[in-house]
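All remarks here apply to the structure that follows.
Scope of the values below: all heavy atoms of this structure, side chains included, with no hydrogens, waters or symmetry mates. Predicted model, so just to flag it, every value in this text is computed and none were measured.
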Amino acid sequence: MEPPTAPSRSSPPAALAALAAVVVLALVETASAPIAPRRAPTDDDWRAAAAEVRAGFRAGDLIVAAPAWADPILRVHLGDLIPPEVAGRMDDERFGRVWEVSQRGARADAARRGSVAAERRFGALTVRRVERPPAAISYDFLARWGDARVSRRGPGAGAVIDCPLAGDRMQCPDLTANFVRRQVVEVDTRLRMALLAPPVGQATVIIEYPAVRLGRSLIVATGLSNVWMRKEAQGPVDLRVVVDGAADTTLTTRNDDGWALHRIDTAARAGQVAAVRFEITSPAPRARHFALAAEARE
């Protein structure tokens, strides 16, 4: 009978290497502690950077911070130039000029496309103006919210009930808790301007735009709003996008999808006017705060 095998232990060289790594990390952290505050931007840095942006800012420009966690400080100095529609934008493609206020060598995703037209350093901050061809928008579904017709269809081929405009929302008369409206929502810990359109039971919520000028593509953004509701429920939401005579696509959104962008090809009907219909359903609609935005782009 063989003797029991002794429990394995790390070899001395491996243990020493691990100990050395811990010591080196501790030394690095200790050395950086007095240096890190000196790398942080001062109030004077922020004031000077803000003055540079204001001097060259044009209506329609985008201002971003890099890294993203510096955005609250950026808003203190330049928030009046970032209206809610820009702060809650669907994406960054419609902006031809982007002002990036960065620190510690960080770059913003919004400023990666295009070329740097100007760059200046203000202490620990760097201000860059990036220029690029903006996306051409032929129809903005949020801006044209008043054109929409909202209705609810029962299960299967059930009756369709119109949901008339009531104040800032489209209200289905037989559903006091269900409505579709344009508002600021939270998706993936970021605020977005979107249509909030919660699914209802086994019914289908329909948002139809009867006369959309199509471009070469339809960009649709989807997400589930409200961090607490994402913890409360797990049901997916299906969005069927029907472009009259051009496309019929179903997109599924789940808790972990964040703010997802989808491209639907409409090049074959670019320049034409067509009805675009969004149909929202869910097999488990409880606590599903579904949000969407869309643009037709050249």
Side-chain angles (χ1 to χ4, degrees), residues 58-62 83-98 110 113-114 131-153 160 162-170 179-185 187 192-197 204-223 237-253 259-281 290-298:
R58 299 177 187 170
D61 287 358
L62 175 63
E85 293 77 12
V86 174
R89 60 194 179 276
M90 185 176 80
D91 65 8
D92 309 312
E93 295 304 304
R94 67 162 60 198
F95 300 94
R97 286 170 34 115
V98 180
R113 182 174 70 85
E131 299 185 359
R132 73 279 187 96
I137 312 300
S138 58
Y139 196 93
D140 183 334
F141 289 80
L142 286 180
R144 304 290 293 271
W145 168 228
D147 296 347
R149 298 171 182 171
V150 177
S151 59
R152 182 181 67 84
R153 186 175 64 231
V160 175
D162 288 332
C163 305
L165 181 65
D168 65 343
R169 64 187 65 182
M170 302 284 189
F179 53 85
V180 177
R181 66 180 178 183
R182 183 178 64 177
Q183 70 171 57
V184 176
V185 299
V187 179
R192 300 283 186 179
M193 187 69 73
L195 297 181
L196 183 66
T204 301
V205 175
I206 304 168
I207 307 171
E208 183 168 12
Y209 290 79
V212 174
R213 184 179 181 278
L214 298 175
R216 298 187 62 81
S217 62
L218 184 65
I219 308 300
V220 181
T222 59
V237 177
D238 291 323
L239 173 67
R240 183 186 178 201
V241 184
V242 181
V243 182
D244 183 28
D248 189 334
T249 305
T250 298
L251 311 170
T252 299
T253 302
W259 185 249
L261 293 172
H262 314 272
R263 181 184 179 278
I264 299 173
D265 186 4
T266 57
R269 293 200 58 183
Q272 300 180 24
V273 175
V276 176
R277 187 170 71 252
F278 302 99
E279 299 184 357
I280 300 143
T281 58
F290 180 69
L292 74 145
E295 292 177 353
R297 293 181 180 170
E298 302 293 347

Does a side-chain heavy-atom distance below 4.5 Å link [X] with [Y]?
X: Leu214; Y: Val276; result: yes
X: Val220; Y: Ile264; result: yes
X: Ile207; Y: Ile280; result: yes
X: Met90; Y: Leu261; result: yes

Residues two or more places apart in sequence or in another chain: which of them pass salt bridge (Lys or Arg N to Asp or Glu O under 4.0 Å) with [X]?
X: Asp248; answer: Arg240
X: Arg94; answer: Asp140, Glu295
X: Arg263; answer: none
X: Arg97; answer: Asp61, Glu131

For [X], all residues meeting side chain to side chain contact (heavy atoms under 4.5 Å, CB included), sequence neighbours excluded:
X: Ala270; result: Arg216
X: Gln272; result: Arg269
X: Ala211; result: Val273
X: Glu208; result: Ala275, Arg277

Hey, is the main chain of Leu142 close enough, under 3.5 Å, to the side chain of Arg182 for a donor-acceptor pair?
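Yes.
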For Ala296, is there any backbone N or O sitting under 3.5 Å from a side-chain donor or acceptor partner on Ser138?
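Such a contact is found between Ser138 side chain and Ala296 backbone.
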Which distance, rounded to the nearest 0.5 Å, do you find between the CD1 of Ile206 and the CZ of Arg152?
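These two atoms lie 10.0 Å from each other.
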Among all residues two or more places apart in sequence or in another chain, which pass the ring-ring contact (aromatic ring centres under 6.0 Å, His included) test with Phe278?
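With neighbours one apart ignored, the set is Phe141.
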Any side-chain hydrogen bond (donor to acceptor under 3.5 Å, both in side chains) pairs touching residues 84-93, not counting sequence neighbours?
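Every side-chain hydrogen bond (donor to acceptor under 3.5 Å, both in side chains) pair that includes a residue of residues 84-93, provided the two are not neighbours, is Arg89-Asp92, Asp91-Arg297, Glu93-Arg113.
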Tell me, please, which residues at least two apart from Thr266 pass side chain to side chain donor-acceptor pair (under 3.5 Å).
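Result, side chain to side chain donor-acceptor pair (under 3.5 Å) vs Thr266: none returned.
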Please identify each residue that fulfils side chain to side chain donor-acceptor pair (under 3.5 Å) with Thr252, with sequence neighbours left out.
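Applying side chain to side chain donor-acceptor pair (under 3.5 Å) to Thr252 gives Asp238.
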Specify the closest pair of heavy atoms between Trp259 and Leu292, including all atoms of both residues, with the distance to one decimal.
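Smallest heavy-atom distance, with atoms named: CH2-C, 4.5 Å.
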Taking all heavy atoms of Ala148 and all of Tyr209, pick out the closest pair and write down the distance.
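Taking every non-hydrogen atom into account, CB-CZ, 3.8 Å.
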